[in-house]
Amino acid sequence: MEPFACLLAVVLALLRAGAALDGDAGAGAGGQTRYARVFSFGDSLTDTGNALRVTAGGPASRPPYGETFFRRPTGRASDGRLAVDFIVEALGLPHPTPYLSGKTPADFRRGVNFAVGGASALGLEFFESRGLKTFVPVSLGNQTSWFKTVLQSLGPVSTGQSTATSLFVVGEIGINDYFIALVGNRTVGEAKTFVPHIIGAIRSVVTEVITAGATTVVVPGMIPLGCEPQLLALYQGAVAGGGYDPVSGCITQLNGLAELHNRGLRRMLAGLRRRHPGAAIVYADLYRAVTDIIVSPRKYGFRDRPLAACCGGGGGAYNFDITAFCGAAGAMACADPSEHVSWDGVHFTEAANRRIACAALEGSHAGGVDDDGAPPTPSSSSWSTEAGRRRIGCV
Ligand SMILES: *[C@@H]1O[C@H](CO)[C@@H](O)[C@H](O)[C@H]1NC(C)=O
Ligand SMILES: *[C@@H]1O[C@H](CO)[C@@H](O)[C@H](O)[C@H]1NC(C)=O
């Protein structure tokens, strides 16, 4: 394929990259939920319909996306529900309206999803100044200004009350920033220099929502990038012998980038907890959730070879070929997506998203403690309950 066509295909694929958000929240005693709505920010792991309105088309607008649950493409980059969908279900909350589909303030009272497939944490200028191109013209900066617009539309009196009774989910975000560098042929070392900038952008959003009255903010971390079928296929042959983790089969260097991101994120969140002791700031460990499945797929109901995508073409260990991306003519989905972790080589199946949501619902909340590097502590706050986790099939 011509380099440009190849890059275009990669970009299309990445438009759907995204995120998972997870968060959670919870029902208090008696099954009464503590929250009235969810506001979420992120990329394609969390987008429930915004990218369709920014770019029109793209794989997630076509079958077999959505086949498992919605039975039609909804713009979600999966065969079914995303982690954020499971989280709102666990909390007994309505599904937040994709921001770009909302028309009146009434549409936003039930919560808003600002996540856009392909979105980066950092703005256009950051990439342009490095000779790189973004996938879509949407960053966390856009999502934050959309949030402010929504708050204004809700009116000054109800604003503080709405934010205090809402659960905020900020992330996963940043995966596209790294992808932009990697598909632009930059080294992993250069991608690593983005980490503090991305963490700073996430910090700005979390600070913004807390300033607006948020009392619970869930911040999902980076997924194990080195276990993504698309990146495994991209680097095939280019990773030296010792470059793969012997247990997971994932690319060590890329997982190192994700771990660096997560260490920076946790350190930053610990600082915010000290600064805002009244807010519950919860880290959701997506990295561990996904690697646990990849290392022990059968334990979680997945089949062996968890690094092969369900939908697409290419065969081989990863079943990924950018020219036969899921949703393209001739690309096929596997018979049973629930046995697969990766849906299309970039995004997770509904089955994996359920496990990711379950892990997020158990996210740590170590108020005031610097938990950098420490394992997540069990949730001590009441933002997630066993009843909620049972409702979505975690326990
Ligand atoms: C996001 O913000 C940038 C910079 O302000 C702007 O150029 C771009 O059009 C915005 N994107 C959307 C989809 O509104
Ligand atoms: C990346 O490098 C490869 C091999 O040198 C080249 O074929 C490809 O065009 C480059 N891609 C970009 C986006 O620069």
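Order of listing sets the numbers, starting from 1, for every ligand and every atom in it. Here the structure is a predicted model, which means the values were calculated and not measured.
At least one test fails for R62 against the ring of Y65: distance under 6.0 Å to the centre or angle within 45° of the axis.
Side chains of V150 and F114 form a contact here, defined as non-hydrogen atoms less than 4.5 Å apart. Counting only heavy atoms from C-beta outward, the side chains of Y235 and Q253 never approach each other to under 4.5 Å.
Between F41 and F168, the ring planes lie parallel to each other; the angle is under 30°, not in the 30° to 60° tilted range.
No side-chain donor-acceptor contact under 3.5 Å links D79 to the backbone of T68.
With hydrogens and angles left out, the side-chain atoms of R76 and T48 include no donor and acceptor closer than 3.5 Å.
Residue-level contacts of ligand 1 at the 4.0 Å heavy-atom threshold are P137, V138, N142.
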